[in-house]
Every structure is written in structure tokens, then in C-alpha cells.
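Beneath this line is the structure, given in C-alpha cells, with notes to follow.
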Amino acid sequence: MSDASAPSPAADISKLTKVQKFAIFLIMMGPEAAAQILKCLDEHELEVITSEMAKQSLVSVDVQVAILREFADVAVQASTSVRGGNEFAQQTLEKALGSIKAGVVINRLQPTRTPVGALEKVVDLDPRQIFNLVKQEQPQTIALITSYLPAEKASELLSMMKEEQRDQVVERLATLSPTPVEVVEKMVEVLLSKLSAKPSRALNSTGGLKAAADVLNALDKNLSKGILSAIEERNPDLGTSIRKKMFTFEDLVQIDISGLQKVMREVDIRDLAVALKTASDQLKKVLFAAISRRAAETVQEEMTFLGAIKLKEVEAAQMRIIDVVRRLETEGEIELDAGKENPEGVGFAT
């Protein structure tokens with residue numbers, strides 16, 4: 001005899017909104033199938049649904065059955081519980097939108113850091129003051145503080161450090177994991193004692209590959225390249241992981257010829273000419289190989305007649321091309337295969 005006091009599956013879902021039910025239904029379908037449905041939603045709908053998926057830590061068997069009945073009018077006996085949460089939401093969005101767009105959406109839904117609380121007085125300082133405050137600290141401590149800074153301010157802070165210290169901080173930043181609140185409280189207390197201040201409330205730490213990549217992207221290109229090379233020498237896997245989270249104009253060489261042709265079809269000829277003013281010979285060769293011979297000759301002629309041009313104009317043209325790459329990657333038209341460069345000697349497209 002069943003327990004009359006136990007709630008029925010219908011009762012379990014009676015308080016769920018339609019959005020919550022739909023989010024659970026997507027979790028039950030798995031990332032592959034859910035991604036296909038998410039592709040059909042607009043950006044606002046994506047954020048709402050993804051937020052609900054991230055909130056569902058564990059979906060009971062009864063709730064699964066009840067939702068399946070409501071969605072499909074078919075009684076399905078699920079054999080196990082299924083797990084949603086942040087990891088599922090991230091994985092599903094990446095499959096639906098690509099890694100770049102997924103990161104933007106996830107960052108809006110789930111801030112990468114809690115309110116800085118006691119660190120507000122540190123974060124609000126200018127980079128030189130922060131540097132003077134932390135320059136004698138361990139790389140792990142500096143990485144924790146850096147993780148709370150905007151990428152631009154973090155890059156200024158790193159540029160003030162000696163090369164060895166800077167490399168160590170970025171490496172720690174990329175591998176930074178959640179830190180016990182007690183440890184963070186103690187660190188904040190020590191730092192604020194130098195400012196004759198008292199901590200106001202506890203913090204959680206943040207960091208990771210994306211934070212390290214954002215900082216490196218904001219740094220001077222030569223400086224960023226040097227840091228990344230140093231990290232790759234000490235920890236090749238970590239260096240590769242950080243590089244995959246970054247994308248610069250020179251990284252166009254990582255896209256295969258088919259993908260580059262799709263990109264070049266949507267790039268303005270003048271933008272390409274301006275963007276190539278500071279490009280490496282290797283990148284020029286690869287991009288010219290992705291367009292027709294006549295188009296390549298037109299771009300080269302355009303470059304010849306450009307004359308002196310401001311660096312900010314070159315960088316703006318490069319960013320417009322990168323925006324095309326990101327959009328095509330989001331739409332699933334191309335893949336960004338970090339670390340795999342086009343082969344030498346590719347001929348012109350016909």
C-alpha cells in the first residue's frame with residue numbers, strides 16, 4: 001500500500017513555472033539535444049533558460065516522470081536522477097553558441113566574482129598603489145587580488161612587475177581555485193592593515209583560465225606573448241589552455257583554409273588592407289591564400305597607397321575582423337582550433 005502522505009509527482013511540479021519545467025526538460029534531454037533547441041531561442045530567452053538550468057542541481061525521478069507526462073503525455077520511468085547545474089549550463093551553451101558567445105552569456109548570468117566587500121578599498125586604488133601594496137606578497141596572493149580587478153587595471157598592475165614575478169602571477173591566476181573564506185579573510189586583514197583599514201565582510205576567490213586570458217589580451221602584445229611563452233615552457237598544458245581562451249588578430253593562422261575563406265568573404269577590402277599593416281608575413285601569406293589572386297592584388301595595392309596610418313586605426317580594423325570570426329564561430333560556421341596553424345606554402349584561391 002502506498003504512503004498517502006507522500007506527495008505525488010504532480011504536486012512536486014505544481015509550484016514550478018513553465019520556464020523551470022522547460023529548463024528541467026532540457027537537462028533531461030542532455031547537452032547535444034538541448035543545444036539544438038537552444039539554437040532556436042533569442043538571446044534573452046537563452047539567458048532566462050540557462051539561468052534556470054544552472055539552478056537545478058538535482059532533478060528527482062518523480063519530477064522527471066511528471067514533466068515528461070506534461071510535455072509528451074507519455075509516462076516514462078526514468079532510471080536515474082539527472083544533474084544540471086553550472087557545468088551543464090556551460091557545456092550546453094558552448095555546444096549551442098560556441099565558446100566565445102557562451103562565455104559572454106554565462107558571465108552575465110553568473111558573475112565571476114562575489115561583491116568584493118573588504119577588498120573594495122584595494123580594488124579601488126590605482127594600479128601603482130596596488131602594486132606597492134602587494135609587490136612583496138606571494139604570487140598566489142597577488143593572483144587572488146588580480147582576479148578581482150578589471151582586465152585593463154590588472155594588465156597595468158602586471159606590467160609593473162619583474163618578468164619572473166609576472167609570469168608566476170599569471171600562472172597562479174590561471175589555476176586559481178576556490179579558497180576557504182577563512183583564508184581569504186586573513187589575507188584581506190593583513191593587506192588592509194597596511195592601509196590602516198579593517199575588513200568589512202568575507203570574500204570568495206575567483207580566477208581561472210578566462211581571467212588569465214583577459215589579462216593577457218589587455219597587456220601589450222609583446223609582453224603578453226612573452227608571459228605566455230614562459231608559462232608554456234614551465235607548464236605546456238596550462239599554456240595551451242590559456243591560449244585557447246585568447247584570440248588575437250595573429251591567431252587567424254589557427255583557422256583552416258575553408259574557415260578563413262568564409263571569414264574573408266565577409267571582410268571589407270579596406271579593413272583587411274589596414275589590418276594587415278602590422279601583421280606578420282606568415283599571417284599575410286595565410287590570408288592572401290584565403291582570397292582570390294585578384295582580391296589579394298587589390299589588397300596589396302590598397303596597402304601601398306594607405307601611407308602613414310595611426311595604430312589605433314589598424315587595431316580597430318583588426319577588431320572588426322575578429323568580430324566577424326567570433327560571429328561565425330558562434331553560428332557554428334567555423335571552428336577555432338588553437339595551436340594548429342595553416343601549413344606553409346598554401347596557394348592562392350581561385
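Residues F249 and L283 form a side-chain contact, since some pair of their non-hydrogen atoms from C-beta on lies under 4.5 Å apart. Proximity of I24 to M28: side-chain heavy atoms (C-beta onward) are separated by under 4.5 Å at one or more points. In this structure, the side chains of P139 and Q165 stay at 4.5 Å or more apart for every pair of heavy atoms. Under the 4.5 Å side-chain criterion, counting only non-hydrogen atoms from C-beta, R234 is in contact with I231. With contacts defined as side-chain heavy-atom distances shorter than 4.5 Å, the pair M161/K135 does not qualify. Between V169 and L158 the shortest side-chain heavy-atom distance falls below 4.5 Å. Contact annotation: the side chain of D256 never approaches that of L260 to less than 4.5 Å [non-hydrogen atoms, C-beta and beyond].
Transitive grouping of hydrophobic side chains (ILVMFWY, heavy atoms separated by less than 4.5 Å) brings V134 and M160 into a common cluster. Cluster annotation: V314 is not connected to I269 through the hydrophobic network of ILVMFWY side chains, with a link wherever side-chain heavy atoms come within less than 4.5 Å. Under the 4.5 Å side-chain contact rule for hydrophobic residues, M319 and V274 do not share a cluster. Under the 4.5 Å side-chain heavy-atom criterion for ILVMFWY residues, no single connected hydrophobic cluster contains both V299 and I309.
The shortest heavy-atom contact between L238 and E171 is CD2-CG, 3.4 Å. The shortest heavy-atom contact between A317 and A275 is CB-N, 3.9 Å. In terms of heavy atoms, M303 sits closest to A273 at CG-O, 3.5 Å. Between A279 and K284 the shortest heavy-atom distance is O-CE, 3.5 Å. When all heavy atoms of I257 and A289 are compared, the closest pair comes out as CD1-O, 3.7 Å. In this structure, A174 and I242 approach most closely via the heavy-atom pair CB-CD1, 3.5 Å.
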Before giving the answer on side chain to side chain contact (heavy atoms under 4.5 Å, CB included), spell out for F288 and L276 the whole-Å C-alpha distance, their side-chain angles and the decisive distance to 0.1 Å. CA-CA 10 Å; F288 286 151; L276 288 176; 3.9 Å; yes
After noting the C-alpha distance and the side-chain angles of Q168 and R172, does the key distance pass the side chain to side chain contact (heavy atoms under 4.5 Å, CB included) rule? CA-CA 6 Å; Q168 291 176 353; R172 298 299 194 286; 4.1 Å; yes
Mind running side chain to side chain donor-acceptor pair (under 3.5 Å) on N132 and Q129 for me, showing each step along the way? CA-CA 5 Å; N132 290 333; Q129 291 174 309; over 6 Å; no
Could you please spell out the steps behind the side chain to side chain contact (heavy atoms under 4.5 Å, CB included) verdict for R128 and L157? CA-CA 7 Å; R128 172 59 65 180; L157 174 63; over 6 Å; no
Side chain to side chain contact (heavy atoms under 4.5 Å, CB included) between I130 and K153: does it pass, once the steps are laid out? CA-CA 10 Å; I130 297 175; K153 181 176 283 190; 4.0 Å; yes
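Atom CD1 of I227 is separated from atom CD of E232 by 12.0 Å, given to the nearest 0.5 angstrom. Note that the CD atom of E301 and the CG atom of L306 stand 12.0 Å from one another [nearest 0.5 Å]. Atom-to-atom distance recorded for I321:CD1 and Q318:CD is 7.5 Å, nearest 0.5 angstrom. L287 contributes atom CG, which lies 11.5 Å from atom CD of Q261 (distance to the nearest 0.5 angstrom). Rounding to the nearest 0.5 angstrom, the gap separating the CD1 atom in I255 from the CD1 atom in I334 is 4.5 Å. To the nearest 0.5 Å, atoms OG (S292) and CE (M264) are separated by 12.5 Å.
Sorted by first and then second residue, the pairs that involve residues 267-280 and meet salt bridge (Lys or Arg N to Asp or Glu O under 4.0 Å), not counting sequence neighbours, are R270-E302, D271-R320.
A salt bridge links E266 to R327: one of the charged nitrogens lies within less than 4.0 Å of a carboxylate oxygen.
Within the 3.5 Å criterion, the main-chain N or O of R294 finds no donor-acceptor partner in the side chain of E297. Side chain of E250 to main chain of S280: a donor-acceptor pair is present (N/O by atom type, distance under 3.5 Å, no hydrogens or angles). Side chain of E52 to backbone of I49: no donor-acceptor contact under 3.5 angstrom is found. Judged by distance alone, the side chain of S155 and the main-chain N or O of E152 form a donor-acceptor pair under 3.5 Å.
With a 6.0 Å radius and a threshold of 12 heavy atoms from other residues, nucleotides or ligands, E163 has its CD atom at or below the threshold.
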